[in-house]
Amino acid sequence: MSRYTAKEIESKWQSAWDAAETFKAVRDSRPKYYVLEMFPYPSGRIHMGHVRNYTMGDVISRYKSSCGFSVLHPMGWDAFGMPAENAAMEQGGHPKDWTYSNIADMRDQMKPLGLSIDWSREFATCDPEYYGQQQAMFIDFMEKGLVYRKNATVNWDPVDMTVLANEQVIDGMGWRSGAPVERRDLTQWFFKISDFSEELLDAIDGLDSWPDKVKLMQRNWIGKSRGLQFSFSLAEGPHGHDRVEVYTTRPDTLMGASFIGISPDHPLARMLERENQDIADFNAECRRMGTSEEYLEKAEKKGFDTGLICRHPFDTSWELPVYIANFILMDYGTGAIFGCPAHDQRDLDFARKYGLDVIDTFVALDDGRPVEYEAFVPPKTEKVRWTRAFGWGVEATGSEAIDAAIAFCESNGVGQGVTKFRLRDWGLSRQRYWGCPIPVVHCDDCGVVAENKENLPVRLPDDVAFDKPGNPLDRHPTWRDTTCPSCGKPAKRETDTMDTFVDSSWYFARFTSPRAESPTSAEDAAYWMNVDQYIGGIEHAILHLLYSRFFARAMHVCGHLPKFATEPFDALFTQGMVTHEIYVTRDDKDRPVYHLPEHIEWHESGARLGATGAPVQVIASAKMSKSKKNVVDPVNIISAYGADTARWFVLSDSPPERDVEWTASGADAAFKHLSRVYRLATEAVTEDAAEEGPQGADEALLREMHKTIHDVTMGIESFGFNAAIARLYAFTNTIARAKPGSATRRDAIRTLAHLMSPMTPHLAEEIWAMLGGQGLLARAPWPRADPAMLVEDTVTLPIQINGKRRSEITVARDLGKDEIEKRVLADPAVLKALGDGAPKKLIVVPRRIVNVVT
RNA sequence: GCGGGCGUGAUGGAAUGGUAGACAUACCAGACUUAAAAUCUGUUGGGCCGUGUGCCCGUGUGGGUUCGAGUCCCACCGCCCGCACCA
């Protein structure tokens, strides 16, 4: 008997699939199915998260293909981004070489997985053929008014003289220089995603096959709010400032206002800092902070009393102090707020810190105590008792009061109700080399001019060095100099490149026609769009998906996508991460040094470093990441066990949407199981082909087979891969116990292989061929369960007494309720519990359960 | 801080509001073997004594809704994801 040799089997069938062009996506008369996994960043090594992500997509792809769909399942590379530049700075070399060599490495690591990918459609976003089309679209967007320039704040590292990403700012310091980061204003390019705020929000309702949590996160992110915009008049404002404009979503708390807060970047604050050194110092301190919302929210709330006084709009003798506060962003609303400490925790903390009034405007219906150190913020739908209402009753909900307050203010000439969105325009400028150049020229005479489309792509120059900080495009001797596309005079190229989110916002559309001379081709887009099933990490729930939804709309406006593709992902599945323990030692400065799992040895005293024997600290499992080195290399797993084992393992045990922890024993178990299936098949080939097994046994096995077909099919359809696999384990056990030699059993083994084929395609092909299957299994139609075989004649009903299981009866499947009740009341356990009395209640759920209430 | 999610045996997990722990791992025991590996079979949430188709407890903690809650609601604790220049 031969052993299960994955390596031979896998390369054999991969060659067979290649030779038959099994996975080439073709437009034909079949219904199409487009399955897409979020494409990877080419870090150079695939990791288990990739294996899990692509295996899930592969299961869907192979399954849909066998259900008769023409499947598109492409792969590409999200190839621009900072790591390539960082590598160039740290190790020398060129980002381009680094990236393409990583892509080659990763492709080599992925191919042995046997994924049903149409590799002929592969591209990288750093291919000029791709980013040139992106530049063409950028110009189209400009023409449609979807792009503009404005000032925006960035993190500036004053030592490295460079812009830092938020993740490069650690505790307010630059990650490389360690210098305190400053905020700086730069003129930047923006996409007008805000034009689509309402539309992007409303369309979420139509995304039936998206997870609710993602839809909720997107809704909250877009953040539609209705509020009141009005102004406080300044008692004695500095030159030119007689009022402060504010926006509030809680105008109902206006009678609880106790201070006005303005951003350090508010025009009023900027004016004051010119005259007052203390204010200048305070604002400067604020500007030394990071720019991320998270950072600002977590930072200690600080304010500076400007000494200015605002008058309350309802009572001009009511005076409110004006503070500059570090937590107010100029980008939001008007850059100014009024504080109502009684009903906002942040305002309350601020008020307590600076000794400001706390004025309740409402109290709980059943608790009239005033606010002390915990703001009273009930849900807006809860009725409360108003102590300082204007224009509504004593008892009202927050929502009712807000509406009434807006109406009252409008009719009294105090501001007006406005709808605002939290969603800000998408700043796409990056002061970096390794990205898609923004195809624009700055001309002294013509201003900002789009490059002519026939000059695209605007290619990145290759002759750049990364020995100095900053953007090499800025100091490139010749690339920057060009001629104006409009007047022909000498002009300068834009040196900003695009956010890498731009690259990933339309790659799904490009896959439908990856070699087209325009961004998309109408026929291909019409046939292949939309993505029927998109699969990726929950970490992309907001930005990537929102940007893609915007891009699809903008592309439609420019004629690059049909109307129906403006919502490009019909169904979305967010898979969990692959996690692993982290191994860490400390260097002489007590900084953490991480180690790969393969370098760890286990001793009785605990984990030690294989090379030196140094003790290793084991930290709880976390997402596998290069920086923490808690990665298991799929290549090692594939060479040890084979791709099918790796695929089987990442799908088993954990539900796909949840994290899965990689364990060596789990991989071992998967391999054992596949070996067992292989052995069952080889044994079946050599067994005497006895005609039939015992009548009853065959019938039972057949029933089990059809049930398994049904359950596995449902499992795949609903992303219950782990449940489907558990079912396949159970079916394998059933087959193993069945009497060998029967034709039914042989059928069962072949069906087992067929049902396993989306997960373990190589092993399945091997068994299929072994047991006389015709042609490639990858092309065989999916097995169908016979509905008649799924129905049992009898069902076992558990009997609960007062909600606790006490007995059970087996009855005919379609037995009537009355008859069931009769039998239940005759059950010994029920009789015992009831004594002489009748049950208080008898609940019969047909085919499910019976509950007797005494 | 804000928004979203998750929490079940020793472990990964299963369970349309209906028998909690399927399936797998690990451990232990047995079969086969000179032995080991491999393979096969079986036990395993906790407690109780009355050893039964027994009883009680048990799905992060505390409440609630229901004939019935792992599942729905409220509060709390812990962990994870996102927070607009990481991809």
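First the proteins, then the strands, lettered A, B, ... as listed; each starts at 1. Note that these values count all heavy atoms, side chains included, but never hydrogens, waters or copies made by symmetry. Given the structure is predicted, the values throughout are model-derived calculations rather than measurements.
Using a 90° window around 0 for the glycosidic torsion, rG9(B) falls inside it and is classed as syn.
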Donor-acceptor contacts, no H, no angles, side chain residues 797-804 of chain A, under 3.5 Å, sequence neighbours left out:
unit_1    : atom_1 : unit_2    : atom_2 : d
Asn802(A) : OD1    : Thr854(A) : N      : 3.0
Asn802(A) : ND2    : Thr854(A) : OG1    : 3.0

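Using a 30° and 60° split on the angle between ring planes, Phe501(A) and Trp426(A) fall in the perpendicular class, above 60°. Using bins of under 30°, 30° to 60° and over 60° for the plane-to-plane angle, the ring pair Phe551(A)/Phe191(A) lands in the perpendicular bin. The aromatic rings of His544(A) and Tyr534(A) sit tilted, their planes meeting at an angle between 30° and 60°.
When atom types are taken as modelled, the side chain of Arg422(A) and the backbone of Trp221(A) share a donor-acceptor pair closer than 3.5 angstrom. Looking at Asp185(A), its side chain never comes within 3.5 Å of a backbone N or O of Asn151(A) through a donor-acceptor pair. With His343(A) contributing its side chain and Phe376(A) its backbone, the two residues share a donor-acceptor pair below 3.5 Å. One N or O on the side chain of Thr497(A) and one on the backbone of Arg432(A) form a donor-acceptor pair closer than 3.5 Å. Not one N or O on the side chain of Gln188(A) forms a donor-acceptor pair closer than 3.5 Å with the backbone of Leu428(A). Side chain of Asn326(A) to main chain of Lys302(A): a donor-acceptor pair is present (N/O by atom type, distance under 3.5 Å, no hydrogens or angles).
Counting only heavy atoms from C-beta on, Arg658(A) has its side chain closest to rG7(B) among rC85(B), rG7(B), rA87(B). Among the nucleotides rG42(B), rC85(B), rG3(B), the one closest to any side-chain atom of Arg737(A) is rG42(B). Nearest nucleotide to the side chain of Ala669(A), out of rA24(B), rG18(B), rC83(B): rA24(B). Nearest to the side chain of His540(A), among rC85(B), rG3(B), rA87(B), sits rA87(B). Proximity note for Val163(A) (side chain, C-beta onward) versus rA14(B), rC85(B), rA84(B): the nearest is rC85(B). Of the candidates rA14(B), rU16(B), rG5(B), the closest approach to any side-chain atom of Lys213(A) belongs to rG5(B).
A close approach under 4.0 Å does not occur between any side-chain nitrogen or oxygen of Asn166(A) and OP1 or OP2 of rC83(B). In this structure, Arg346(A) does not reach the rC2(B) phosphate: none of its side-chain N or O atoms is under 4.0 Å from OP1 or OP2. Using a 4.0 Å cut-off, some side-chain N or O of Asn220(A) falls inside it from OP1 or OP2 of rG4(B).
Judged by distance alone, with hydrogens and angles left aside, Arg848(A) brings a side-chain donor or acceptor within reach of the base of rU16(B), the pair sitting under 3.5 Å. For Glu294(A) against rC83(B), a side-chain-to-base donor-acceptor contact under 3.5 Å is present.
For the P atom pair drawn from rC55(B) and rA20(B), the interatomic distance equals 12 Å after rounding to whole Å. rA22(B) sits 9 Å from rG45(B) when the P atoms are compared, rounded to a whole Å.
Going from atom CZ of Phe649(A) over to atom P of rA24(B) covers 15 Å, rounded to whole Å. Taking atom CD on Gln345(A) and atom P on rG1(B), their separation rounds to 10 Å, with Å as the unit. Between the P atom of rG4(B) and the CD1 atom of Ile222(A) lies a distance of 14 Å, rounded to the nearest Å. Between Trp210(A) atom CH2 and rG4(B) atom P the separation is 18 Å, expressed in whole Å.
Pro828(A) comes within 4.0 angstrom of nothing in the nucleic acid, heavy atoms only. The residue Gln188(A) sits close to a base: some heavy atom pair falls under 4.0 Å. Across all strands, Gly427(A) comes closer than 4.0 Å only to sugar-phosphate atoms, never to a base (heavy-atom distances).
Under the salt bridge (charged side-chain N to carboxylate O under 4.0 Å, His left out) criterion, Lys301(A) pairs with no residue, sequence neighbours left out. A search for side chain to side chain contact (heavy atoms under 4.5 Å, CB included) contacts involving Asn53(A) returns Glu37(A), Ile535(A), Gln575(A), not counting sequence neighbours. Applying the side chain to side chain contact (heavy atoms under 4.5 Å, CB included) rule to Asp344(A) yields the partners Arg346(A), Asp347(A); only residues at least two apart in sequence or on another chain are considered.
Near RNA chain B, meaning a heavy atom under 4.0 Å away, the residues from residues 295-302 of chain A are Glu297(A), Lys298(A). Taking a 4.0 Å limit (strictly below) on heavy-atom distances, residues 722-733 of chain A reaches RNA chain B at Asn722(A), Ala726(A), Tyr729(A), Asn733(A).
Across all non-hydrogen atoms, the minimal contact from Ile204(A) to Leu200(A) is CG1-O, 3.2 Å. Nearest heavy-atom pair, Pro42(A) versus Thr99(A), reported as atom, atom and distance to 0.1 Å: CG-CG2, 4.0 Å. Nearest heavy-atom pair across Asp503(A) and Gln134(A) is OD1-NE2, 2.7 Å. When every heavy atom of Tyr131(A) is checked against every heavy atom of Cys126(A), the shortest pair comes out as CE2-O, 3.3 Å.
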With the criterion being N/O to N/O and under 3.5 Å, what pairs connect the protein with nucleotides 62-67 of chain B, and how long is each?
unit_1  : atom_1 : unit_2    : atom_2 : d
rC67(B) : OP1    : Lys841(A) : NZ     : 3.4
rC67(B) : O2'    : Asn851(A) : ND2    : 3.2
rC67(B) : O2     : Asn851(A) : ND2    : 2.5

At a cut-off of 3.5 Å, list every protein nitrogen or oxygen paired with a nitrogen or oxygen from nucleotides 38-40 of chain B, distance to 0.1 Å.
unit_1  : atom_1 : unit_2    : atom_2 : d
rU39(B) : O3'    : Arg679(A) : NH2    : 3.2
rC40(B) : OP1    : Arg676(A) : NE     : 2.9

Distances under 3.5 Å only, N/O to N/O: pair up the protein atoms with those of nucleotides 70-75 of chain B.
none

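How far CG of Asp425(A) is from NZ of Lys192(A): 6.5 Å, rounded to the nearest 0.5 Å.
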Return one dot-bracket line describing RNA chain B 5' to 3' (Watson-Crick or G-U wobble pairs, both distances under 3.5 Å; ( ) same strand, [ ] crossing, | another strand, . none). (((((((..(((.....[....)))(.((((.......)))).)(((((..).))))..(((((..]....))))))))))))....

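The environment of NZ in Lys150(A) is crowded: more than 12 heavy-atom neighbours from other residues, nucleotides or ligands sit within 6.0 Å.
Between Ser675(A) and Arg3(A), every side-chain heavy-atom pair lies at or beyond the 4.5 Å cut-off.
A salt bridge (charged side-chain N to carboxylate O under 4.0 Å, His left out) check over residues 837-854 of chain A, counting only residues at least two apart or in different chains, returns the pairs Asp814(A)-Arg847(A).
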Starting from the C-alpha separation in whole Å, work towards a yes-or-no answer on side chain to side chain donor-acceptor pair (under 3.5 Å) for Asp78(A) and Ser504(A). CA-CA 7 Å; Asp78(A) 188 13; Ser504(A) 56; 4.6 Å; no

Contact pattern, 5' to 3', of nucleotides 49-58 of chain B - B, S or - by protein heavy atom under 4.0 Å: ------SSS-

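A distance below 6.0 Å separates the ring centres of Phe719(A) and Phe721(A).
Residue whose closest nucleotide on RNA chain B sits further toward the 5' end, between Phe501(A) and Asp425(A): Asp425(A). Of the two residues contacting RNA chain B, namely Met217(A) and Arg430(A), the nearest-nucleotide position lying further toward the 5' end is that of Met217(A).
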